[in-house]
Amino acid sequence: MTLWREGAIASAGIQRMAERGSKSPLDAEIMQAIGAGTAQHLLSGPHLSGSPGSASMEFDISQRFPLVTLLTMVAPSPDWFVGVSGLALFANDQWIDEVRVDLYAHDAGTDSGASYESPDQVTTPAQNITRITGYPAATNGQIRPFGTFTFRRIQ
């Protein structure tokens, strides 16, 4: 199961997470995938109220489901988010001890606001999820990550 990827249309759950930081209905979409046998766990992290900020979570993962997908909204923003989609934590017949992933901003394609200060402007029809390559992600032609996820194996 793929929850999100560049070039795809955002599900209702991805839209609500990107626009409002709401875990619902994304949590229901994930629970449906778990029930269908295409996902293993629903991970739900804490709310970060400031920037920079950090959070940590521990979770179990199996060889049957060695990929992790996580995302969080960029606040304030029209419909921007950062995350990983289908990141492999098991490769070459072994668990990866540690991987750090730079998080680049994505536009969910559901709100046409041009900046984080724009009022809600529903995008009809919804557009594909795209990586943000202009302001505020780019400075002097360089696209900057908005943060990082670090995955560390605990044995």
Stepwise side chain to side chain contact (heavy atoms under 4.5 Å, CB included) test for Q155 and W95: CA-CA 10 Å; Q155 300 181 30; W95 291 104; over 6 Å; no
Euclidean distance, F146 CZ relative to S77 OG, rounded to 0.5 Å: 8.5 Å
Straight-line distance of S54 OG to L48 CG, nearest 0.5 Å: 7.0 Å
4.5 Å side-chain heavy-atom contact, F151 and V84: yes
Approximate separation, where rounding is to 0.5 Å, of L89 CG and I96 CD1: 6.0 Å
Same apolar cluster (I L V M F W Y, side chains within < 4.5 Å links), M57/I154: no
For the student: nearest non-hydrogen atoms of T38 and F65, plus distance: C-CE2, 3.5 Å
Single-linkage hydrophobic cluster L43~L71, side-chain heavy atoms < 4.5 angstrom: no
Under the ring pair (Phe, Tyr, Trp, His ring centres under 6.0 Å) test, residues paired with F59 that sit two or more places apart: none
Heavy-atom side-chain proximity of T123 to S112 below 4.5 angstrom: yes
Candidate pair Q40 and S62, rule side-chain hydrogen bond (donor to acceptor under 3.5 Å, both in side chains), full reasoning: CA-CA 8 Å; Q40 184 176 17; S62 71; 3.2 Å; yes
H106 and F81 aromatic ring geometry - parallel, tilted or perpendicular at 30°/60° bounds: parallel
Over 12 foreign heavy atoms within 6.0 Å of CD, Q142: no
Any donor-acceptor pair under 3.5 Å from T148 side chain to R100 backbone: no
Atom pair CD1 (I129) and CG (D79), whose distance is rounded to the nearest 0.5 Å: 9.5 Å
Spatial distance of atom CG (L103) from atom OG1 (T72) [nearest 0.5 Å]: 9.5 Å
R144, CZ atom: more than 12 neighbouring heavy atoms under 6.0 Å: yes
L3 backbone acceptor or donor facing T69 side chain under 3.5 Å: no
Contact check, side chains of R152 and D97, non-hydrogen atoms, under 4.5 Å: no
Shared hydrophobic cluster for W4 and F149 (ILVMFWY, side-chain gaps under 4.5 Å): no
Min side-chain heavy-atom separation Y104-V82 under 4.5 Å: no
Where P136 and W80 come nearest, the two heavy atoms and their spacing: CD-CH2, 3.6 Å
Linked, directly or transitively: M1 and V68 (ILVMFWY side chains, under 4.5 Å): no
Enclosure of Q121 CD (heavy-atom neighbours >12, cutoff 6.0 Å): yes
Nearest-0.5 Å distance, CD1 of residue I14 to CZ of residue R5: 12.5 Å
Heavy-atom donor-acceptor pair, D111 side chain to V122 backbone, under 3.5 Å: no
In one Ile/Leu/Val/Met/Phe/Trp/Tyr side-chain cluster, 4.5 Å: M31, L70: no
Whether Q127 side chain and P125 backbone form a donor-acceptor pair below 3.5 Å: yes
Over all atoms of both residues, closest heavy-atom pair of D107 and G109: OD1-N, 2.7 Å
Pairs where residues 7-23 contributes a residue and the test side chain to side chain donor-acceptor pair (under 3.5 Å) is met, not counting sequence neighbours: S11-E29, Q15-E19, E19-T110, R20-D120, K23-S44
Where H41 and I34 come nearest, the two heavy atoms and their spacing: C-CD1, 3.7 Å
Worked check of side chain to side chain contact (heavy atoms under 4.5 Å, CB included) between V101 and L87: CA-CA 9 Å; V101 181; L87 176 69; 3.8 Å; yes
Nearest heavy-atom neighbours spanning G113 and S118: CA-CB, 3.5 Å
Sequence neighbours excluded, every pair satisfying salt bridge (charged side-chain N to carboxylate O under 4.0 Å, His left out) that has a member inside residues 49-65: none
Nearest heavy atoms of F90 and D93, plus distance in Å: CZ-C, 3.4 Å
Pairwise side-chain contact, N128 with I9, heavy-atom cut-off 4.5 Å (strictly under): yes
Modelled atom types, side-chain donor and acceptor of E6 and T130, under 3.5 Å: no
